[in-house]
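Residue numbers begin at 1 in each chain, while the letters A, B, ... track the order of the sequences.
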Amino acid sequence: MSEQQVSVKGQDGGQAEVAAGATAGEALRALGLFRGQVLAARVDGQTRDLATTIADGARIEAVPADSEEGRQILRHSVAHIMAQAVTDLYPEAKFAIGPPIDNGFYYDFDVAEPFTPTDLERIEDRMRAIVREDQAFQRRELPRDEALELFADQPYKVEIIHSVEDQVISVYDNVRPDGTVWPDLCRGPHLPTTKWVPAFTLQRVAGAYWRGDERRPMLQRIYGTAWESRKALKAHLRQLDEARERDHRKLGRELDLLSFPEELGAGLAVWHPNGAIVRKQMEDYARAEHLRRGYEPVYSPHIGRSQLWETSGHLDFYADGMYPPMELDTGGESRGSVRGSEGGAQRGTDYYPKPMNCPFHVLVYRSRTRSYRELPLRLFELGTVYRYERSGVLHGLLRARGFTQDDSHIFCTAEQIVDECVDVLEFAVDLFRDFGFAEGPSRVALSTRPSKAATVGTDEGWIHAEAALTETLERSGLDYVVDAGEGAFYGPKIDLQVTDAIGRAWQLTTVQVDFNLPERFGLAYVGPDGAEHRPYMIHRVLFGSLDRFFAILLEHFAGAFPTWLAPVHAVVVPISDRHHAYGDQVVAELVAQDLRATLDDSDDTMGAKIRKHQLAKVPYQLIVGDAEAAARTVAVRPRQGDQRKDVPVAELAAELAAEVAGRRSL
RNA sequence: GCCGGGAUAGCUCAGUCGGCAGAGCGAUUCACUCGUAAUGAAUAGGUCCGGGGUUCGAUUCCCCGUCCCGGCUCCA
């Protein structure tokens, strides 16, 4: 090897000699790794510009455009292009941050007037011009004071520079055709030039606080997305359309499942018969399965005295999430009022709507002396709770102010925690399977203790609880990740996510170990030694919120519920009026098998009836005419797939009953 | 809560530069009695989200409120 040569290694174990001072891009070519769209390089594990000079012995990998890392770099570069376009059009704009995010990017600007949709079009046009200009992204590194000088008129950049610990600050210059540059503070890496952008579009503008802090200025955020090809961009936009079509608020209205009447109030839904039938199936399933697995149902009221919430700690730790109290029993003529609406009256008792069910279950436990022989005690309730969510975060059933949890609290000994938690995880996986997520949880996370100051309980308690959950996960055989510091203030937890039909992740099940509430309520059980011991408590929900899970199912299935959940299993479509009588007999036969069947006796034409029920996503339409009535059969037209003619009614009833009982999908 | 955008028939939406309010679908009625995704006709249906203001006159302009949509975590 000559002095002018350096040696580089490739990701595939290959090796090559390149001239000293060669770039990462040149090294990739020498290694034969520059195949397809390569946007950047990973040099000794760190992503770098293709123009980075590499050192002797460096290990180099290609970062392709269609990798997650490649897309991030692409999106980050497009964010810069957008910022330059905004500078060109609105020279007074101040720049904040412009990172890549899942499926896109954004950039925050401080401008006098908010951007309008028309502004977005102008910005996008300007961006396309910048892409055509093939501007280089040139990296340079400067000392902190020079960087401060360069961005002296950009207060947000100055604040960022002050928060950066490195003494050397990197800046990327976009070199315009006339030789001038547009600089932006940036860690990089970036594309070599703007022309490397294959496809992008701007999407929307929204307000966003500087650094997400509502006490700081509200900036204008422009969202966009960029992809490695026009095809990939189109596919992404199609997916967004698909998500809009599946929106549970839209489907909920179209399929007459539920509504959110304005006069009822924000974040509160009423369930129509069609939605209620589906929900009832979910509730029946939950009740039956909990009973089968040794849980005991309990019921509790919707409100409770302030003293209860003081003892539980909710008024200390969760007051912001609670509805305000009602003051009752003031002793005067008044029947009471919401506190604050009337002044001066004699103090009564405050009652709060419950945001959680745990204190009530604790009261059930504490209603008498408990023996170790009763443990584990698994109390279960479909408990409706009310939480004061800020108006801006409400989102149909996915984020509501009133909803029902499939909630359970398991009281057990320290030794029983692992067994109980393992059972809960098995229960959850079975439930996911039965509701159409057969592949099981897509993400399992153990959340550990947040900073000590933000938590209650002893170090020993935390260590024991975290060890128990770790052992639970090991025994369950599920792959999991650790979310350090993401636990609740009273204990660590395990969270399970599922991924729906269009790739979105939803968190459902959560299992939390709690040694705080038993302490606060002074819970005890009498052990075999005759002495009192403190039980542990496990909080767990499987669906999480029934309402929210319903919305997830609705979107997952795009309204086409599996037969066992569908509001109507089968609708009988008579060809003409003279077949109504036979249609009634078919319905009766199906209903006798506990199937949900109806007769369409409207005077629509047959084609119109079929279209109507197809749009309503009824699993089976049963066509009956002269031939069927004579042979006591039906023509079965399933929601999807081929139709079958001349199916005997009894045979069909048995088939459908089996499909429903097996919770099979069509 | 904050920023931006909205709210017109049950639904989707048009419209009124301030002067009696529109379509399609749906509903109802009548006719049609039909063989696998829309039969035809007629009729009904509106506090133009609520309250206040400006005006001869407000669904339209202004203010306040309610509700809805998007966003407010992802560190240059």
When all nucleic acid strands are considered with a 4.0 Å heavy-atom cut-off, which category describes [X]: base, sugar-phosphate, or nothing?
| X | answer |
| --- | --- |
| A:Gly267 | sugar-phosphate |
| A:Leu615 | base |
| A:Lys250 | nothing |
| A:Glu628 | base |
| A:Arg390 | base |
| A:Asp603 | base |
| A:Ile169 | base |
| A:Tyr156 | nothing |
| A:Gly607 | sugar-phosphate |

Query - Beyond-backbone contact of A:Lys157 with A:Asp184, side-chain heavy atoms, under 4.5 angstrom - result: yes
Report task. Would you please confirm or rule out a distance under 4.0 Å between OP1 or OP2 of B:U73 and any side-chain N or O of A:Tyr209? Result ->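 No, because none of the side-chain N or O atoms of A:Tyr209 sits under 4.0 Å from OP1 or OP2 of B:U73.
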Query raised in the report: Between B:C67 and A:Arg249, is there an OP1 or OP2 to side-chain N/O distance shorter than 4.0 Å?
Result: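 The answer is no; no side-chain N or O of A:Arg249 sits under 4.0 Å from OP1 or OP2.
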Out of [options], whichever nucleotide has its closest atom nearest the side chain of [X]:
| X | options | answer |
| --- | --- | --- |
| A:Arg204 | B:U33, B:C67, B:G71 | B:G71 |
| A:His395 | B:G35, B:C72, B:G70 | B:G70 |
| A:Arg221 | B:C11, B:C72, B:C34 | B:C72 |
| A:Arg611 | B:C2, B:A37, B:U33 | B:A37 |
| A:Ile575 | B:C34, B:U39, B:G71 | B:C34 |
| A:Asp626 | B:C34, B:G35, B:C49 | B:G35 |
| A:Thr605 | B:G71, B:C34, B:C68 | B:C34 |
| A:Tyr223 | B:U66, B:G35, B:G71 | B:G71 |

Report task. May I ask you to say whether A:Asp88 pairs ionically with A:Arg176, meaning some side-chain N is under 4.0 Å from a carboxylate O? Result ->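 Salt bridge: yes.
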Query raised in the report: Any ion pair linking A:Asp108 and A:Arg221 (charged N to carboxylate O, less than 4.0 Å)?
Result: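 Yes, charged N to carboxylate O under 4.0 Å.
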Query raised in the report: Considering only the P atoms, how many Å lie between B:U36 and B:C68, rounded to the nearest integer?
Result: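 Between the two P atoms, the distance is 45 Å.
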Query raised in the report: Mind checking the P distance from B:C25 to B:A21? Whole angstroms is fine.
Result: 23 Å
Requested in this report: Let me see the working for A:Trp227 and A:Phe200 under ring-ring contact (aromatic ring centres under 6.0 Å, His included), right down to the final yes or no.
Outcome: CA-CA 6 Å; A:Trp227 292 81; A:Phe200 76 92; over 10 Å; no
Report task. Using both pair distances under 3.5 Å as the test, note the stems of at least 3 consecutive Watson-Crick or G-U pairs that include RNA chain B. Result ->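 Paired runs of 3+ in RNA chain B: B:1-7 with B:66-72, B:10-13 with B:22-25, B:27-31 with B:39-43, B:49-53 with B:61-65.
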Query raised in the report: Between A:Tyr223 and A:Arg204, is there a cation-pi geometry (under 6.0 Å to ring centre, at most 45° from the normal)?
Result: yes
Tell me which donor-acceptor pairs under 3.5 Å the side chains of residues 628-636 of chain A have, and how far apart each pair is, sequence neighbours excluded?
{"unit_1": "A:Glu628", "atom_1": "OE1", "unit_2": "A:Gly625", "atom_2": "N", "d": "2.9"}
{"unit_1": "A:Arg632", "atom_1": "NH1", "unit_2": "A:Gln585", "atom_2": "OE1", "d": "3.1"}
{"unit_1": "A:Arg632", "atom_1": "NH2", "unit_2": "A:Gln585", "atom_2": "OE1", "d": "3.2"}

When the side chains of residues 252-269 of chain A are checked against the rest of the protein, which donor-acceptor pairs come out under 3.5 Å, sequence neighbours left out?
{"unit_1": "A:Glu254", "atom_1": "OE2", "unit_2": "A:Lys250", "atom_2": "NZ", "d": "3.0"}
{"unit_1": "A:Asp256", "atom_1": "OD1", "unit_2": "A:His272", "atom_2": "ND1", "d": "2.7"}
{"unit_1": "A:Ser259", "atom_1": "OG", "unit_2": "A:His272", "atom_2": "NE2", "d": "2.7"}

